[in-house]
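To keep things clear, I will list the structure first and then write my remarks on it.
Each chain gets a letter, A, B and so on, in the order the sequences are listed, and its residues count up from 1. Here the structure is a predicted model, which is why all the values come from computation and not from measurement.
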Number of protein chains: 2
Amino acid sequence: MQRIDALIHPKWIVTVEPRVVAETGLSLAVDGGRIVTIAPPDEVRKRFAPDVVHERPGHVLMPGLINAHCHAGMALLRGYADDLPLEQWLNDRIWPAESRWVDRRFVADGTRLAIAEMLLGGTTCFSDMYYFPDVVAEQAIDAGIRAVVGMIALDFPTAWASSADEYIERGLAVHDRCRSAPLVTTAFAPHAPYSVSDDMLSRIRRLADELLVPVHTHILETDREVIQSVAATGKRPLARLDALGLLNPALIGVHATHLNGEEIERLAEVQANIVHCPRSNLKLASGACPVERLQAAGVNVALGTDGAASNNRLDLWSELELAALFAKHVAGDAQAVKASTALEMATINGARALNLADETGSLAPGKAADLICVELAGPGLVPVLDPISQLVYSASRDQVTDVWIAGARLVSDGTLTRMDMAEISTTAHAWGERLTAT
Amino acid sequence: MQRIDALIHPKWIVTVEPRVVAETGLSLAVDGGRIVTIAPPDEVRKRFAPDVVHERPGHVLMPGLINAHCHAGMALLRGYADDLPLEQWLNDRIWPAESRWVDRRFVADGTRLAIAEMLLGGTTCFSDMYYFPDVVAEQAIDAGIRAVVGMIALDFPTAWASSADEYIERGLAVHDRCRSAPLVTTAFAPHAPYSVSDDMLSRIRRLADELLVPVHTHILETDREVIQSVAATGKRPLARLDALGLLNPALIGVHATHLNGEEIERLAEVQANIVHCPRSNLKLASGACPVERLQAAGVNVALGTDGAASNNRLDLWSELELAALFAKHVAGDAQAVKASTALEMATINGARALNLADETGSLAPGKAADLICVELAGPGLVPVLDPISQLVYSASRDQVTDVWIAGARLVSDGTLTRMDMAEISTTAHAWGERLTAT
């Protein structure tokens with residue numbers, strides 16, 4: 001008998017790879033933070049002596065969800081500015097609030113709040129873009145969540161950095177610090193083509209090639225962005241990135257609500273990744289990412305929540321469900337983005353975009369044990385005619401009972417095991433008082 | 001001191017009428033199933049001797065939600081057919097399943113399941129359209145939920161009735177039976193213009209006028225419906241209803257995803273009601289109801305879930321949130337259907353459509369105590385910068401802690417007080433086995 005950390009016996013298991021189906025009669029063995037095997041219960045019971053056994057007789061066991069785009073620190077700005085168009089929202093509300101309030105403390109408290117929300121909702125990995133990425137990395141390490149921290153870059157000074165050189169230097173310092181963190185990696189995060197110069201983008205491209213890290217940027221979120229780019233540079237934003245050498249498999253382009261057919265083909269050709277943020281796009285009336293056309297062309301499309309100020313949830317369940325529903329409207333076809341495709345987008349596609357597909361995003365021996373259990377019970381979830389349909393169209397984050405990241409149990413019976421929820425709430429309310437008092 | 005049934009002390013109260021704002025420093029007194037007063041805590045504590053006091057220091061107290069269109073019995077078909085276009089979904093999957101399975105037992109068990117789901121999610125009133133409306137009425141009465149039961153009519157025979165005369169007669173018998181049920185009323189429910197003859201529609205119009213009940217029908221759900229109507233009658237479906245005298249304040253038209261500008265004006269002129277079902281419309285790729293244009297023209301727009309086979313939730317929170325998000329995309333305007341408007345659609349607009357606005361849909365002295373408490377706590381719901389935003393864009397049905405209908409407490413601390421959830425689940429699973437075995 002081989003001693004291992006844990007055995008999990010769910011009702012259904014959804015490995016995601018090689019395909020999204022709900023299988024019964026399989027258990028999963030975990031040891032040293034990794035998946036050892038997936039095999040029938042009788043077999044694993046004979047072979048392993050687990051320290052812990054988790055019986056989950058009404059649950060789906062599946063990979064943790066991956067939030068491929070967020071601004072975690074903005075969790076403190078949830079509900080700060082609603083029902084406004086993107087540019088007014090950004091220029092009149094968010095940027096002034098950020099320039100007044102954002103400091104190390106704000107980012108630490110906001111990120112901790114965001115991580116708590118994401119963990120409880122079954123998100124085991126997030127890709128962040130915000131100020132003070134060193135603080136984001138610290139919070140992720142403390143919480144035990146997998147994260148890709150964005151080395152943010154902008155043309156204008158912020159509390160984080162005041163010049164192009166400083167953005168790059170401080171970003172690289174974060175990258176160096178993360179080398180010793182097993183769950184935290186980095187990506188360059190130039191904010192958007194309209195807010196980052198050619199020179200900065202070229203430097204980032206060179207450094208990303210050297211360090212083998214992704215480049216995470218907002219792209220084509222509004223039509224105004226396209227018009228301004230053509231007026232200023234004679235090129236659409238994607239053509240400009242292409243000319244600067246940024247269209248390649250390391251690119252994580254977020255939003256992409258204003259793509260034309262040629263651009264879709266080009267993204268497929270260069271194997272770039274797109275992150276679809278359906279709730280944010282709807283809330284800000286930014287337009288619709290052509291998810292079905294991108295997928296038909298062969299582009300990898302992942303999912304993100306964006307920040308809590310434009311969503312207002314950091315909830316991948318809501319994104320994956322809306323990705324399936326909204327794509328049907330956009331394509332005029334009820335068969336667009338089926339339930340199984342939505343689950344891939346929220347798991348393995350996110351891992352691919354973040355260059356983490358060898359580590360997470362699906363269940364297979366040798367991969368990290370980034371796992372969640374989802375209980376299909378209660379009047380809104382029975383009968384279970386089709387578990388995949390139930391996960392996508394009926395379940396929500398409130399059905400997540402357990403979360404493990406690299407084998408560590410971070411949510412047990414719907415409760416955070418490591419984080420102090422009372423402290424997080426008190427701190428968030430104190431920020432709420434400050435933000436609304438002014 | 002006046003003895004009363006209960007006093008509720010919430011953190012915030014949202015009365016909906018005269019406007020949707022979250023007020024603090026107010027308590028609500030209930031007696032004999034009705035709201036006695038809404039006044040500061042000190043004042044009500046001096047004036048009343050309540051049997052029970054409910055302290056809800058982190059909660060919003062608001063009107064129960066109104067589901068203005070569902071097919072409750074279809075809860076058993078949740079996930080039975082996904083990712084298919086409406087006509088294929090209906091002709092190849094749903095109608096064959098219904099003709100095989102639907103009987104009194106199916107409708108009783110499905111409706112009980114649906115009511116359990118709706119109650120736990122804060123829905124205090126639903127308007128139904130399905131076979132065996134007598135069974136629907138019985139289940140609603142047993143459960144204590146407010147309901148408007150549809151006297152269904154179709155041109156073809158079903159398990160419920162085999163001829164026009166029988167549909168009408170059996171419907172009227174249900175109407176008579178409901179006279180003695182304080183919480184259950186009826187509406188005529190001709191299925192759709194394409195499935196009900198001129199003669200039946202004329203009879204229904206006359207009877208609806210006499211009995212003063214609404215006429216609840218699907219309308220303009222697909223473009224094919226319009227094309228077929230023009231080919232067969234020379235008229236678009238709405239013009240046909242107009243010619244038959246059905247366009248009036250008693251009309252509850254469901255879906256309306258293919259309206260033209262003239263039709264919007266006409267609906268406003270005749271004061272008809274529209275029920276928007278955003279999740280169903282997206283899932284079946286039916287098109288988009290022009291909610292903002294309807295509201296700008298002065299049409300009352302309520303919300304519905306449709307049946308669980310095309311949604312797959314009977315969850316008004318999800319509908320009201322999606323109504324706000326989707327309208328922004330459809331209108332190309334992030335200011336379309338603000339959070340406060342979405343809350344009106346899910347409450348008072350539903351009551352108006354169902355001819356129940358004197359009784360429910362908002363909080364005011366004399367109205368029925370159809371109330372819910374929603375707790376704004378947990379990492380996805382703090383800080384609370386704007387309680388109305390939080391309700392619409394961040395909360396979900398899982399934050400509903402208490403539900404009262406006509407003063408009776410049907411959900412307490414997130415648990416059903418009257419219904420046997422274990423029996424409901426067992427019965428639903430048994431149906432699941434039957435449905436998937438074939």
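- Looking only at side-chain heavy atoms (C-beta outward), B:Pro383 and A:Leu113 come within less than 4.5 Å of each other.
- Smallest separation of non-hydrogen atoms from B:His329 and A:Ala288: CE1-CB, 3.8 Å.
- Contact detail for A:Glu117 and B:Pro379: the closest heavy-atom pair is N-CB, 3.6 Å.
- Scanning all heavy atoms of the two residues, the minimum distance from A:Ala285 to B:Gly332 falls at CB-C, 4.0 Å.
- When heavy atoms are compared at a cutoff of 4.5 Å, A:Leu77 approaches chain B solely by way of its backbone atoms N, CA, C and O.
- Note that CD of A:Glu321 is 8.5 Å distant from CG of B:Asn312, once rounded to the nearest 0.5 Å.
- Proximity to chain B is limited to the backbone of A:Ala75, based on heavy atoms less than 4.5 angstrom apart.
- Interface check for chain A: of the options B:Gly432, B:Gly380, B:Ala116, B:Ala428, the most heavy-atom pairs under 4.5 Å are formed by B:Gly380.
- Looking at every heavy atom in both residues, B:Gln335 comes nearest to A:Leu84 through CG-CA, 4.4 Å.
- Ranked by heavy-atom pairs shorter than 4.5 Å toward chain B, the options A:Leu314, A:Val337, A:Leu76, A:Ile424 are led by A:Leu76.
- For residues 384-396 of chain B, heavy-atom neighbours of chain A at less than 4.5 Å comprise B:Val384, B:Leu385, B:Asp386, B:Ser389, B:Gln390, B:Tyr393, B:Ser394, B:Ala395, B:Ser396, sorted by residue number.
- A:Asp333 CG to B:Leu284 CG: the interatomic distance, rounded to the nearest 0.5 Å, is 11.5 Å.
- Of the atoms belonging to A:Arg279, heavy atoms from both backbone and side chain fall under 4.5 Å from chain B.
- Interatomic distance, A:Lys328 NZ to B:Leu282 CG, rounded to the nearest 0.5 Å: 9.5 Å.
- A:Asn281 does not touch chain B: none of its heavy atoms, backbone or side chain, sits under 4.5 Å away.
- Only the backbone of A:Leu381 comes within less than 4.5 Å of a heavy atom in chain B; its side chain stays farther off.
- Put simply, of B:Gln88, B:Met419, B:Lys283, the one with the most heavy-atom pairs under 4.5 Å next to chain A is B:Lys283.
- Shown here for B:Val382 and A:Arg78, the closest heavy-atom pair between the two residues is O-NE, 3.3 Å.
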